[in-house]
Number of protein chains: 2
Amino acid sequence: MKDCTVYKTLTIIGKKWTLLILFELDRGSAPYKRFNELRAALDTITPKVLVQRLRELEDDGLVVRRVDTTHIPITSEYALTESGTALLRVVAAIKEWGLAYKFDNEACRCTSCKMCGI
Amino acid sequence: MKDCTVYKTLTIIGKKWTLLILFELDRGSAPYKRFNELRAALDTITPKVLVQRLRELEDDGLVVRRVDTTHIPITSEYALTESGTALLRVVAAIKEWGLAYKFDNEACRCTSCKMCGI
DNA sequence: GCCGGCAGTTTCCAGATGGATACCATGAAA
DNA sequence: TTTCATGGTATCCATCTGGAAACTGCCGGC
């Protein structure tokens, strides 16, 4: 079962904060976001969990990290890959199911919801 | 965040055994499956977890339970609702993403994989 | 020489989760 | 009367997760 595509995918997106991080990276026009930028946007996330998720997403090819050493202080920047962008489109299908069959939550129909606004 | 459609949906399908139970209910032609039938098919699941998941799925409207009191011993039977069937179609989108971008696992392309064979 | 910002790291802790195992009530069959 | 099958319960326990809070190294500015 641990070799299963669906199982592995759910293991990725099912973890707390993962989708919120992906949405945050998708937001706005600038593709790259800095570590503390994400940290501030996600408000109550702890740096431990943020760095944990970012490393996992990097390992899974959903996010790329680049380090800017030309300016001081050195900054880390993160962006979605094509794979990560594609996953957000899949999440839209999940949302559609939820709205159609279960949670008729108006707050989630608009784009202001951090999690559903895709 | 706990009111979020995507979050709630992932909370449902992200739990261990949930999707396997849904797939098992979808398998074959008979819509209703008995408790011990599911238990045997899922092999290593414990009755505690199986009943836990079934109650959750019932509460979420993905599964219906009917009790047959006309025969002895009394049997409980479970079946997918329309909502549950629709969710399995969403899982297919997750699988497609996994196969396209990440896990090119041949075992998951065929229908023999319990988790991916939908 | 101290302070502050960046990007983390480290340690410890509490709660949730699932697994193992044993147990239970019912009623028919042997 | 014991045994069996069904559909669960009840208890205990190890593990896994994420949160809290403090700390680190680097360097530039004041």
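Computed from a prediction, not measured in an experiment: that's the story for all the values here. Lettering follows sequence order; numbering is per chain, from 1.
Side-chain proximity of B/Val49 to the nucleotides C/dG18, D/dG8, D/dG18 is greatest for C/dG18. Comparing C/dA7, D/dG19, C/dG8 by their closest approach to the side chain of A/Thr75 singles out C/dA7. Each of C/dC6, D/dG7, C/dA20 was ranked by its minimum atom distance to the side chain of B/Thr46; first place goes to C/dA20. Across C/dA7, D/dC27, D/dT6, the shortest atom-to-atom separation from the side chain of B/Arg34 is found for D/dT6. Checking C/dA7, C/dG8, C/dT17 against every side-chain atom of B/Arg53, the shortest atom distance belongs to C/dT17. When distances are taken from the side chain of A/Pro73 to each of D/dT9, C/dG5, C/dA20, the shortest belongs to C/dG5.
Remark: B/Arg65 is not in phosphate contact with D/dG7, judged by side-chain N or O atoms under 4.0 Å from OP1 or OP2. Residue A/Arg39 has no polar side-chain atom (N or O) positioned under 4.0 Å from OP1 or OP2 of C/dG8. Residue B/Tyr78 places at least one side-chain N or O under 4.0 Å from the OP1 or OP2 atom of D/dG8. An OP1 or OP2 oxygen of C/dG19 is reached within less than 4.0 angstrom by a side-chain nitrogen or oxygen of B/Trp17. Between A/Ser76 and the phosphate of C/dG8, there is a side-chain N or O to OP1/OP2 separation shorter than 4.0 Å. Distances shown here put a side-chain N or O of A/Lys16 below 4.0 Å from the OP1 or OP2 atom of D/dG19.
Regarding B/Glu77, its CD atom lies at a distance of 16 Å from the C1' atom of D/dG8, rounded to whole Å. If you take CD of A/Gln52 and P of C/dA7, they are 18 Å apart, rounded to a whole angstrom. Separating the CG atom of B/Leu50 from the C1' atom of D/dT6 is a distance of 13 Å, rounded to the nearest angstrom. The CZ atom of A/Arg55 sits 9 Å away from the C1' atom of C/dA7 (whole-angstrom rounding). For the pair B/Glu37 CD and D/dA5 C1', the computed distance is 14 Å after rounding to whole Å. Computed from coordinates, the A/Glu58 CD to C/dG8 C1' distance equals 14 Å when rounded to whole Å. Rounded to whole Å, atom P of D/dT9 lies 14 Å from atom CD1 of B/Ile45. The interatomic distance linking B/Phe35 (CZ) with C/dC24 (C1') rounds to 14 Å, in whole Å.
At a cut-off of 3.5 angstrom, counting only N and O atoms as typed in the model, there is a donor on one side and an acceptor on the other between the side-chain of B/Lys48 and the base of C/dG19.
In this structure, B/Arg65 contributes its side chain and B/Arg55 its backbone to no donor-acceptor pair below 3.5 Å.
The cationic group of B/Arg34 does not satisfy the cation-pi geometry with B/Tyr78, failing either the under 6.0 Å distance to the six-membered ring centre or the 45° limit from the ring axis.
Criterion: ILVMFWY side-chain heavy atoms under 4.5 Å apart, direct or through other members. Under it, A/Leu20 and A/Val51 are part of a common hydrophobic cluster. Connection of B/Leu88 to A/Val90 is established within a shared hydrophobic cluster, with ILVMFWY side chains joined at heavy-atom distances below 4.5 Å, either directly or through further cluster members. A chain of hydrophobic side-chain contacts below 4.5 Å, direct or via other Ile, Leu, Val, Met, Phe, Trp or Tyr residues, connects A/Val67 to A/Ile72.
Within 4.0 Å (heavy atoms only), A/Ile74 reaches sugar-phosphate atoms of the nucleic acid but no base atom.
In this structure, CG in A/Leu42 is found 11.0 Å from CD in A/Glu37, a value given to the nearest 0.5 Å.
In this structure, B/Pro47 and A/Thr44 both approach DNA chain D, and ranking their closest nucleotides by distance from the 5' end singles out B/Pro47.
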